[in-house]
A.B. asks: 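Handing you a structure now.
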Amino acid sequence: MIQIKDFKNYEEKVIETQGWVTNRRSSKGLEFLILRDGSGFAQCIVSKDDVSDDVFNVASKLTQESSVKLKGKVVKDEKQIGGYELHVSEIKLIGTSVDYPITNKEHGIEFLMDNRHLWLRSKRQWAVLKIRNRLIYAINTFFQKEGFVQTDSPIFTPNAAEGSTTLFSSKFYDDDAYLAQTGQLYGEAMAMAMGKIYTFGPTFRAEKSKTRRHLSEFWMIEPEMAFYDNDMNMDLIEKFIKYIVKDVLENCETQLEMLNRDITVFKNIISEKFPRLTYDEAVEIIKGKKKINGKISIEVLENDLVQIKKKIEENKNEITEKEKIIAGGVKKGKRNFLQNRIDTLKNDIHKLEIKASNIPKWIESAANFEYGNDFGGSDETVITRMFDVPVMVYNWPHQIKAFYMKRDDENPELAKGVDVLAPEGYGEIVGGGERETDLNLLLSKIEEHNLPMKEFEWYLDLRKYGSVPHAGFGLGLERTVAWVCGTQHIRETIPFPRYYGRLRP
RNA sequence: UCCUCCUUAGCUCAGUUGGUUAGAGCGUCGGACUGUUAAUCCGCAGGUCCUAGGUUCAAGUCCUAGAGGAGGAGCCA
């Protein structure tokens, strides 16, 4: 049995393959079946001249998502997505499929999410999940090559590691327990045992967030390195991100093409050095006081707004023009074509209008940004708009960072944390930093954050018995997949997303 | 938790100032066509206009409440 991805090795050979029919087109003596088998997609042609009447009848009755076993000859055809098609000689129906709900027309997001278990079969989702898989592979390969030990942290935890965010509560026999929001503290313990470690597991945040960047359940990679300071940490982050992006570019060309991802944006990421901004510098950029490549952030946004408004006008004009043509009376095929174009334009206008209405708010919030605050989504967008590679922001006011973040020796108001902001508004993909080693400072921080001291006794032991400088970070897998794939929403990047309002399927 | 918008056929959506029998495309089903790429063309079927209440001679359309959804803010990876 040959998989579609291996067709290239069987040119002009007769082979057997099996899969699902995602679409069927027909003309008088020809049936075009699009077969998928998880390894790829391929067009299979059944010609009346080549097969018995029985086989042709089976082919002409095949419905979307019926499963079949096919025998046929592999033929090269440049027009096809995989470069090859199958000239079928025999068909065996394995399983029928009646009234498959997801058609080849556009669907709304709610309907698709309700049918997520079937939506996963479609091309776009296949491409995204393949890239997710490759990213996971690249992440593991990178850390293994760098000599890291993979050691996982527990999911049931007795306390909040970072205090502020909301946790999912649970029961652990008779004890109250929470689902982990990070494995960070356990990671530190494991780094003291193994040197350099990384965890890779699910994390849970009960934030009632309804944005394209949030999930309630997501996967995080958290490396932790003994004897690392924050500069070494940032070097590692940059090397790491470059490695995984390069790996996906080299191995997922077909998938990126299917997603219409503009891969030129990734070329810089591999070659260019990521800008490293202190929090102070980032604030100056947000407030429009610091020029980047001779440009002021607020002016760039104002210019964006002008461009967007211009684009909206252009789209509106095109719609009016096309509607006139339709009203004038045209053939059905032409009308459908024009109508589709109008629908696309209307959709674009809708998205552009949302953006246009957001930009003035961003400008206002950027201009009024108060030093000492954490960045909001809009502030991140303002910063990343100025660069075409991920941006690192470090040396944050210590008040807005977690209790375990190390204070800067030269300026105790600052904590040695680092956030990495992805380009194109995909937000913070990495958060990390150097960890506090001063036991007394940790004790006062834990009190300050109103955290239960009893639950942190084991953690404080790490500072009592051979404490060393150490650092680490966390990478959000889904945000990274979303950025690499260029998906509109993070919920497409995980097979069965869990977010506020979505528990099934 | 707050703000804005949405809910009409299996799906995606039109539906004018409140006015006759509720509209299209896609999908399904039937038919035509021997190279289609969301194929195309012809035809049939398909409706609790989200729910409850109200205003009115008359409500898909207006008002009130509720439910569900989308986007954004906050919070964060």
Side-chain angles (χ1 to χ4, degrees), chain A residues 22-34 41 43 45-50 61 63-64 75 77 79-81 85 87 98-115 122-123 162 164-166 181-182 184 203-222 326 331-337 339-340 342-343 346-347 350-351 353-355 357-358 361-362 365 373-378 380 400 402 419-422 426-432 473-483 488-491 500-502:
Chain A
T22 66
N23 197 11
R24 179 172 64 85
R25 290 181 286 272
S26 69
S27 60
K28 186 166 189 186
L30 284 172
E31 292 287 340
F32 300 92
L33 312 173
I34 308 299
F41 293 78
Q43 173 163 280
I45 294 164
V46 189
S47 170
K48 208 163 191 167
D49 299 339
D50 298 348
K61 289 283 186 299
T63 52
Q64 197 185 354
V75 175
D77 183 357
K79 279 181 291 182
Q80 303 308 323
I81 209 154
E85 61 180 19
H87 290 200
V98 180
D99 294 332
Y100 186 72
I102 300 177
T103 64
N104 282 323
K105 198 67 202 255
E106 258 184 67
H107 297 284
I109 191 66
E110 189 192 357
F111 177 79
L112 289 170
M113 278 316 324
D114 285 343
N115 288 286
S122 59
K123 265 188 189 150
E162 295 177 5
S164 60
T165 46
T166 327
Q181 59 175 174
T182 168
Q184 141 94 56
T203 39
F204 307 89
R205 308 264 166 104
E207 296 156 358
K208 291 183 178 175
S209 298
K210 284 176 77 100
T211 83
R212 69 169 70 110
R213 299 189 307 277
H214 288 87
L215 290 170
S216 304
E217 180 181 314
F218 64 97
W219 289 69
M220 197 150 66
I221 295 90
E222 296 183 281
I326 290 175
K331 281 187 87 175
K332 202 173 170 185
K334 177 90 173 166
R335 195 181 74 203
N336 287 345
F337 178 78
Q339 195 56 53
N340 278 344
I342 289 172
D343 290 349
K346 277 186 179 172
N347 216 332
H350 184 69
K351 281 181 195 160
E353 275 175 344
I354 289 171
K355 222 173 164 187
S357 69
N358 279 335
K361 289 184 213 158
W362 293 349
S365 115
N373 285 349
D374 204 349
F375 298 150
S378 65
E380 289 177 0
I400 54 172
D419 282 2
V420 178
L421 309 176
Y426 283 96
E428 187 184 336
I429 53 170
V430 167
F473 64 92
L475 173 91
L477 178 66
E478 286 75 14
R479 282 193 184 174
T480 309
V481 177
W483 166 52
Q488 172 72 17
H489 204 295
I490 197 169
R491 70 189 143 203
Y500 186 57
R502 174 63 61 181

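Remember, predicted model here, so these are calculated numbers, not experimental data. Residue numbers start from 1 in every chain, and the chains themselves are labelled A, B, ... in the order their sequence lines are given, proteins ahead of strands.
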A.B. asks: Figure out the CZ/C1' separation between A:R24 and B:C29, and round it to whole Å.
C.D. replies: 12 Å

A.B. asks: Taking the C1' atom of each, how far is B:C33 from B:A39, in whole Å?
C.D. replies: 11 Å

A.B. asks: Using a heavy-atom cut-off of 4.0 Å across all strands, would you classify A:R491 as base, sugar-phosphate, or nothing?
C.D. replies: sugar-phosphate

A.B. asks: Checking side chain to side chain contact (heavy atoms under 4.5 Å, CB included) against A:H214, which of A:R479, A:R205, A:R491 comes through?
C.D. replies: A:R479

A.B. asks: Nearest of B:G71, B:A77, B:A70 to any side-chain atom of A:I109?
C.D. replies: B:A70

A.B. asks: A:D99 CG to B:C29 C1': how many Å, rounded?
C.D. replies: 10 Å

A.B. asks: Give me the distance, rounded to whole Å, that separates B:G53 from B:A9 when you measure between the C1' atoms they each carry.
C.D. replies: 27 Å

A.B. asks: Quick check: on RNA chain B, is the nucleotide nearest A:M220 upstream (toward 5') of the one nearest A:G501, or the reverse? Name the residue that is more 5'.
C.D. replies: A:G501

A.B. asks: If you measure only the distance, is there a donor-acceptor pair under 3.5 Å linking the side chains of A:E222 and A:T182?
C.D. replies: yes

A.B. asks: Just how far, in rounded Å, is C1' of B:C75 from CZ of A:R213?
C.D. replies: 10 Å

A.B. asks: Under 3.5 Å between N/O atoms: give me all the protein pairs with nucleotides 34-37 of chain B, atom names plus distance.
C.D. replies:
| residue | atom | partner | partner atom | Å |
| --- | --- | --- | --- | --- |
| B:U34 | N3 | A:D49 | OD2 | 3.3 |
| B:U34 | O4 | A:D49 | OD1 | 2.6 |
| B:U34 | O4 | A:D49 | OD2 | 2.7 |
| B:G35 | N1 | A:E85 | OE2 | 3.0 |
| B:G35 | N2 | A:D77 | OD2 | 3.4 |
| B:G35 | N2 | A:E85 | OE1 | 2.7 |
| B:G35 | N2 | A:E85 | OE2 | 3.1 |
| B:U36 | O2' | A:R25 | NE | 3.3 |
| B:U36 | O2 | A:R25 | NE | 2.8 |
| B:U36 | O2 | A:R25 | NH2 | 3.2 |
| B:U36 | O2 | A:Q43 | OE1 | 3.2 |
| B:U36 | N3 | A:Q43 | OE1 | 2.9 |
| B:U36 | N3 | A:Q43 | NE2 | 2.8 |
| B:U36 | O4 | A:Q43 | NE2 | 2.6 |
| B:U36 | O4 | A:Q80 | NE2 | 3.1 |
| B:U37 | N3 | A:Q80 | NE2 | 3.4 |

A.B. asks: Choosing from B:C33, B:A77, B:U12, which nucleotide comes nearest the side chain of A:F111?
C.D. replies: B:U12

A.B. asks: Contact class for A:F218 vs. all strands (heavy atom < 4.0 Å): base, sugar-phosphate, or nothing?
C.D. replies: base

A.B. asks: Please work out if A:H214 contacts a base, only the sugar-phosphate, or nothing of the nucleic acid, heavy-atom cut-off 4.0 Å.
C.D. replies: base

